[in-house]
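A short worksheet on the structure shown next.
Index from 1, following the sequence.
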Amino acid sequence: MRVADMFVEGSRDKVSATGKTSHPSLGMDDYPYPVVFLPPYENPPAWIPPQERVYNPDYNNELTHFLPRTILLKKPSGAQLGFNIRGGKASQLGIFISKVIPDSDAHKAGLQEGDQVLTVNNVDFQDIEHSKAVEILKTAREIFMQVRYFPYNYQRQKERTVH
């Protein structure tokens, strides 16, 4: 039973997510606090015994895909990069790869959505303006990138730009 669906025993008052009670005849505007709608409950993933995790496709304990890696791209003049970026100094979360065009050189080199760009041609991209990052990427003919897959900050950044 969800907290939002609990009733105070022996009454018709409903308990809200904040623990306050309200009478069913009151309208939404009559609540003293903002009404909070909880998302539907999702069952947690099934328990996998530790000895079986190594062989289970739903469980990945390999952390090497989070380590920094080097990407080298050579861009002929007038060619597209094959990827988009988002973020920058204003987001305080860094520059991230937001899209990789399938079968592009960037895709073949191993770039993926959610990669954080750490450096490009020895320029630190962890605290750089978005426009400066775009300028560096577009003007370079050879791009030597240090990236790491870091979906947590990338997801936080996407949520910030939506709100």
Spacing of [X] atom [atom1] and [Y] atom [atom2] [to the nearest 0.5 Å]:
X      : Y      : atom1 : atom2 : value
Phe83  : Ile143 : CZ    : CD1   : 5.0 Å
Leu81  : Asp105 : CG    : CG    : 10.5 Å
Leu111 : Leu73  : CG    : CG    : 6.0 Å
Glu129 : Glu135 : CD    : CD    : 12.0 Å
Gln146 : Leu118 : CD    : CG    : 6.5 Å
Tyr149 : Glu113 : OH    : CD    : 8.0 Å

_Heavy-atom count check: over 12 atoms from other residues, nucleotides or ligands less than 6.0 Å from Gln126 CD?_
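Check passes, neighbour count above 12.
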Donor-acceptor contact present, side-chain [X] to main-chain [Y], <3.5 Å:
X      : Y      : result
Thr119 : Asn122 : no
Lys75  : Lys138 : yes
His130 : Gly87  : yes
Asn121 : Phe144 : yes

Quick check: closest heavy atoms across [X] and [Y], and the distance to 0.1 Å?
X      : Y      : result
Glu142 : Leu72  : CG-CD1, 3.7 Å
Phe96  : Gly114 : CD2-O, 3.7 Å
Gly82  : Ala106 : O-CB, 3.9 Å

*asked:* Any carboxylate oxygen within less than 4.0 angstrom of a Lys/Arg side-chain nitrogen, looking at Asp115 and Arg69?
replied: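 Answer for the salt bridge query: yes.
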*So Ile97 and Gln112, side-chain contact (heavy atoms from CB on, under 4.5 Å) or not? Walk me through it.*
CA-CA 7 Å; Ile97 304 297; Gln112 60 184 343; over 6 Å; no
*Can you spot which of Ile95, Ile71, Val123 makes a side chain to side chain contact (heavy atoms under 4.5 Å, CB included) with Val117?*
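Of Ile95, Ile71, Val123, side chain to side chain contact (heavy atoms under 4.5 Å, CB included) with Val117 is met by Ile95 alone.
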